[in-house]
Amino acid sequence: MVNIKFKINGQKKALNIHDDMTALAVIRSLLKLTGTKEGCGIGECGACTINVDGKAVNSCLMLGAQLDGTTVVTVEGLAAKDGLAPVQKAFIENHGVQCGFCTPGILMSVNALLQEIPDPGHEEISKTLAGNLCRCTGYSQIFTSVKEAARLAGQGDQHG
Ligand code: FES
Ligand code: FES
């Protein structure tokens, strides 16, 4: 067993976990934050993407022990108390969501992208989304949603 302390969605956590537990298992099974999805479990689909210290990470490839000392945001932590984050609003308004299984991971990847590059071009968006598989949308609405999220965030909607 290993003891870890970290912050997730603004809350401090101290947990005793098995050495071989993934960060994904810690988040879903121990903390019951089931917005983060398990798809492939081998780093291919991006459904499990979370933000760790501001970077998008596949939580299925990260050991739970590596969460120690980090600051984590999951999809449950994106919205502010007074409303949805720009990226969430943009995906709803531009039909970037169909079945929704890929959506939490995509939101976390896009959130990290917009924090690094506030007005990303097609290539930057494409590179970011390369790690997130969506079998429903054909990606067109997702690209539109990302551009709209950048526009909303640029207008001063700072949530997320
Ligand atoms: S579940 Fe982690 S990348 Fe697919
Ligand atoms: S909306 Fe269904 S997998 Fe992306």
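Whatever order the structure lists ligands and atoms in, that order sets their numbers, starting from 1.
- Inside a sphere of radius 2.8 Å centred on atom 4 (Fe) of ligand 1, the protein N/O/S atoms present are C40 SG, C45 SG.
- When all heavy atoms are compared, the tightest approach of S109 to A56 is CA-CB, 4.1 Å.
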What pairs of donor and acceptor atoms, side-chain ones from residues 100-107 against any protein atom, are under 3.5 angstrom apart with sequence neighbours left out?
unit_1 : atom_1 : unit_2 : atom_2 : d
T103   : OG1    : G100   : O      : 3.4

Given side chain to side chain contact (heavy atoms under 4.5 Å, CB included), test S59 with T49 step by step and report yes or no. CA-CA 6 Å; S59 60; T49 306; over 6 Å; no
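- Between A90 and S145, the shortest heavy-atom distance links the atoms CB-O, 3.2 Å.
- For the pair K147 and I125, the tightest heavy-atom approach, listed with the atom from each and the gap, is CD-CD1, 3.5 Å.
- The other members of the hydrophobic cluster of V2, by chain and number, are I4, F6, I8, L15, I17, M21, V26, I27, L30, L31, L33, I50, V52, V57, M62, L67, V72 (side-chain heavy atoms under 4.5 Å, ILVMFWY only).
- Cluster annotation: V146 is connected to L133 through the hydrophobic network of ILVMFWY side chains, with a link wherever side-chain heavy atoms come within less than 4.5 Å.
- L114 and F143 fall within a single hydrophobic cluster, where Ile, Leu, Val, Met, Phe, Trp and Tyr are joined by side-chain heavy atoms under 4.5 Å apart, directly or via other members.
- Nearest approach of K55 to A112, heavy atoms of both residues: C-CB, 4.4 Å.
- Note on atom 2 (Fe) of ligand 2: protein N/O/S atoms under 2.8 Å are C99 SG, C136 SG.
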